[in-house]
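Below: the structure, in C-alpha cells.
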Amino acid sequence: MALRIFNVLGREKQDFVPLTEGFVNMYVCGPTVYDYSHIGHAKTYVSFDTIVRYMRSTGLNVLYVQNITDVGHLLDSGEDRILKKARQTQSKPMQIVETYTKAYFDAMDALGVQRPDISPRASGHIPEMFKMIEGLLSKGFAYEAEGSVYFDVTKDPDYGKLSNRRVSELEAGKREAVRGEKRNPEDFALWKRADPEHILRWDSPWGEGFPGWHIECSAMALKYLGPTFDIHGGGIDNMFPHNESEIAQSECHNDADFARYWMLVGSLTVDGVKMSKSLGNFTTVQDVLAKYQPGVIRYFVQSAHYSNPIDYSDDALDAAAKGWERLTNAVRLARQMRGAAPAGDDAGGFAARLAEARAQFGAAMDDDFNTPIAIASLQDLTREVNTLLNSGTTVSAAALDAILETYQATAGDVLGLLPKADAVNSGSAARESALIELLVDMRLQARKAKNWAESDRLRDELAKIGVILEDRADGTVWKVQ
RNA sequence: GGCGACGUGGCCAAGUGGCAAGGCAAAGCUCUGCAAAAGCUUGAUCACCAGUUCGAAUCUGGUCGUCGCCUCCA
C-alpha cells in the first residue's frame with residue numbers, strides 16, 4: 001500500500017513521496033479571526049485533521065502548521081475585517097482577535113480536531129514579512145507605489161499555474177484597478193499604506209502600513225517549513241487569488257518550488273450555495289454542537305470525499321447521526337460485554353475478518369483519503385460484529401479486545417468518531433452509574449413480576465433524562481444519550 | 001465571458017473500461033411483554049444525444065442543468 005494524493009497542482013492523483021522519508025511538512029490556511037467559526041470551517045479543518053491523523057497512524061512524522069490570520073484581510077471597501085468588527089463592538093482590534101481565536105480553538109477542540117503543531121499569527125511575523133517583501137523588491141518582482149508595495153504579476157511567468165489563469169488572457173482594462181497606483185490590474189499588495197483611521201499599523205521601510213493578505217502565509221511557511229515543503233492545504237475558495245499569490249511570492253523570493261502537493265477541500269453549501277459570512281447563511285459550530293454530538297459532525301463531513309462540496313441540512317445531519325450511532329452502538333456493546341467476558345486466548349475465527357477490515361480501511365485512506373469508502377468498510381464490519389455479539393454465543397475477552405482494537409485504530413484514532421470509553425473515575429460519575437443501575441434493577445424486579453406499567457414507567461422516566469435502556473437476552477444495558 | 005467542479009436508486013454517497021460499495025429513509029419478516037437495538041429480504045443501467053470499443057456510469061465530441069472561483073470568504 002502506498003499513499004496517493006490528488007495534487008491540485010497538475011490535477012492528477014500521484015504517489016505521495018515526502019521530501020524527507022518518514023517526515024511530512026504541511027501547511028494549511030487557517031481562519032481569519034473576526035467572527036465565530038461556522039460549520040463550513042468545521043468541514044475544512046475536520047478534513048485536514050483526518051488527513052493528518054491518518055498519516056500519523058501510518059507512522060509518518062507530520063509537522064502541521066496552520067496560521068491564524070489576525071491582520072491584513074481586507075473587505076472590498078478597503079476596510080480591515082477585524083477593524084470593522086472592533087468598530088462595531090467598540091473593542092480593541094486585539095480583543096477581537098483574542099476572542100475569536102479562543103472561540104475557534106474551543107470549537108475545534110469540541111469537534112475532536114487535534115491542534116496544529118504550530119499556530120502562528122500573522123501579526124507576530126511582521127519582521128519576516130518585511131524581509132520577504134524587501135527580497136522581492138530587490139529582485140525586481142515587486143515595486144513600491146505611494147507607500148504601498150505590490151507584486152508585479154507580469155514578472156512571474158508561472159503566475160496562474162495553480163488555478164489555470166493566464167494574466168495575458170485576462171482582458172486588461174475590463175476591470176479597472178481600484179487603485180491607479182498598480183501597474184497591472186492583477187498585481188496584488190504585499191504591503192499597504194495605512195490611512196489615518198487604520199488602527200492596526202506598523203512602521204515599515206515604506207512608511208506606516210499593514211501587510212497584504214497573502215504575504216503572511218508565504219512568510220510563515222518559509223519560517224517554519226522552509227522554502228520547499230510537502231503539502232499545502234486549504235479551502236478551494238482560496239485557490240485564487242490567495243493560494244496563487246502565495247506560490248508566486250514564495251517561488252520568486254525563495255528560488256525554489258513552494259509546496260509539492262496541493263490539497264484543496266470542497267466548500268460546504270446550504271441549499272446548494274456556499275455557506276459564507278457575507279451571505280449570512282451560516283450556522284456556527286457551537287449551534288450545531290448544541291444539537292448533535294461531535295462525532296456526528298465528523299461523520300457527516302467524512303461521508304463525502306474531502307474534495308467534494310457537501311450540502312448542510314438537518315436531514316443530512318440526522319442521517320449522519322443514525323449512521324454514526326450504528327458504529328458507536330456496536331463499539332459500546334462490545335465494551336460492555338468485555339467486562340463479563342470469559343478469558344480466551346485468541347479472537348477465534350474473527351481475527352481474519354478484523355485484519356481484512358483494517359486492510360480495507362487502509363486501502364481506502366491510502367487512495368487520496370477516501371473516507372466514504374473507509375466508513376463503508378467499517379459499516380460492513382459492523383454488520384458482522386453485530387451478528388456475532390447478538391448471536392447468543394459466548395465471545396471471549398480476546399475476541400472482544402481484538403474487535404475493540406480494530407475500531408480504535410480506525411474509527412477512533414483516524415476518523416476520531418468514537419467517544420471515550422466510559423470513564424467512571426470521578427465520584428459523581430460513579431454515583432450516577434450506581435443510581436442508574438439501581439433503577440435498572442428496580443425495573444428488572446417489576447418485569448419479573450410482569451408489572452409492565454411500572455417497568456415502562458421507569459424506562460420512560462429514565463429516557464426523559466437521557467438514559468436509554470435496551471433489553472437484551474443477557475440483561476438490560478443502558479446508555480446516556 | 002474566462003477557469004474549474006459536478007449531474008449515480010426517495011435522500012446522501014463511492015465506483016472512473018468488464019456483470020452499480022456503503023449509509024439514511026420505506027416495506028415485509030425474525031427476535032422482544034412492549035419498546036429499543038440488531039439481523040434477514042426487497043430497489044437504480046448511472047442527466048440527455050452521438051461516437052470509440054468485444055464490452056462504458058467509467059474514454060471522445062456535443063447538448064441541457066447545478067455549483068465554485070475570477071472581488072472578501074475555509
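A note on names: the letters A, B, ... follow the listed sequences, proteins ahead of strands, and every chain is numbered from 1. None of these values were measured; they are calculated from a predicted model.
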**Prompt:** Say you draw a straight line from CG of A:L317 to OH of A:Y292; how long is it, rounded to the nearest 0.5 Å?
**Reply:** 4.5 Å

**Prompt:** Quick one: A:L458 CG to B:A36 P, roughly how many Å, whole number?
**Reply:** 19 Å

**Message:** If the cut-off is 4.0 Å, is A:S267 near the phosphate of B:C67, judged by side-chain N/O to OP1 or OP2?
**Reply:** no

**Prompt:** Considering every strand shown, what is the Watson-Crick or G-U wobble mate of B:A50 when both distances are under 3.5 Å?
**Reply:** B:U60

**Item:** Contact under 4.0 Å: A:N164 side-chain N or O vs B:G4 OP1/OP2
**Value:** yes

**Complete:** The nucleotide from B:A36, B:A74, B:C34 with an atom nearest the side chain of A:T32 is B:A74

**Prompt:** What distance, rounded to whole Å, do you find between the two C1' atoms, one in B:C48 and one in B:G65?
**Reply:** 10 Å

**Prompt:** Across all strands shown, which nucleotide pairs with B:G55 by Watson-Crick or G-U wobble geometry, both distances under 3.5 Å?
**Reply:** none

**Message:** Quick test of your reading of the model: are A:K182 and A:D187 salt-bridged, counting only N-O distances below 4.0 Å?
**Reply:** no

**Charged N-O contact under 4.0 Å between A:D380 and A:R353** = no

**Message:** Using atom P in both nucleotides, what's the gap between B:G39 and B:C11 to the nearest angstrom?
**Reply:** 25 Å

**Item:** Any A:R459 side-chain nitrogen or oxygen under 4.0 Å from OP1 or OP2 of B:G33
**Value:** no

**Item:** Options B:G33, B:C70, B:A74, nucleotide nearest the side-chain atoms of A:P241
**Value:** B:C70

**Prompt:** When the P atoms of B:A38 and B:U58 are considered, how many whole Å apart are they?
**Reply:** 37 Å

**Asked** What is the distance from NZ of A:K161 to P of B:G4, rounded to the nearest Å?
**Response** 17 Å

**Toward the 5' end of RNA chain B, by each residue's nearest nucleotide, A:H242 or A:Y306** = A:Y306

**Message:** Both conditions, 6.0 Å and 45 degrees, for the charged tip of A:R115 above the ring of A:F105: are they met here?
**Reply:** yes

**Asked** On a whole-Å scale, what distance lies between the C1' atoms belonging to B:A5 and B:G9?
**Response** 23 Å

**Prompt:** Are any of A:K322's side-chain N or O atoms less than 4.0 Å away from OP1 or OP2 of B:G23?
**Reply:** no

**Asked** Does a side-chain N or O from A:N308 land closer than 4.0 Å to OP1 or OP2 of B:C67, or not?
**Response** no

**Message:** So is the aromatic ring of A:Y45 stacked onto the base of B:A74, judging by whether the centres are under 5.5 Å apart and the planes are under 30° apart?
**Reply:** no

**Request:** Not counting sequence neighbours, which residues clear side chain to side chain donor-acceptor pair (under 3.5 Å) with A:D315? List them please.
**Result:** none

**Request:** Ignoring the backbone of A:E470, work out which of B:G33, B:A36, B:G22 is nearest its side chain.
**Result:** B:A36

**Paired nucleotide for B:G1 [Watson-Crick or G-U wobble; both distances under 3.5 Å]** = B:C70

**Asked** A:F369 vs A:Y54 aromatic rings, parallel, tilted or perpendicular, using cut-offs 30° and 60°?
**Response** perpendicular

**Asked** Would you say A:N386 reaches B:G39's phosphate, i.e. side-chain N/O to OP1/OP2 under 4.0 Å?
**Response** yes

**hbond_proxy A:T269 side chain to B:G68 base (donor-acceptor, 3.5 Å cutoff)** = no

**Complete:** B:A14 -> Watson-Crick or G-U wobble partner, both distances under 3.5 Å, gives none

**P atoms of B:G22 and B:G55, separation to the nearest Å** = 29 Å

**Item:** Same-atom distance (C1') from B:C54 to B:U41, integer angstrom
**Value:** 36 Å

**Complete:** Scanning all shown strands, the Watson-Crick or wobble mate of B:G39 with both distances under 3.5 Å is B:C29

**Request:** For nucleotides B:U63 and B:A74, find the distance between their P atoms and express it as a whole number of Å.
**Result:** 36 Å

**Request:** Check every atom of B:U71, B:G22, B:A35 against the side chain of A:Q379 and return the nucleotide holding the closest atom.
**Result:** B:G22

**Prompt:** Hey, are A:K464 and A:D460 close enough for a salt bridge, meaning a charged N less than 4.0 Å from a carboxylate O?
**Reply:** no

**Asked** Between A:T44 and A:T382, which has a closest nucleotide on RNA chain B that is more 5'?
**Response** A:T382

**Message:** Only pairs with both distances under 3.5 Å count, Watson-Crick or wobble alike; so what is the partner of B:C6 in this structure?
**Reply:** B:G65

**Message:** Using OP1 and OP2 only, check whether a side-chain N or O of A:K274 sits under 4.0 Å from B:C69.
**Reply:** yes

**Fill in**
Atom CG of A:L469 and atom P of B:G33 are separated, to the nearest Å, by 16 Å

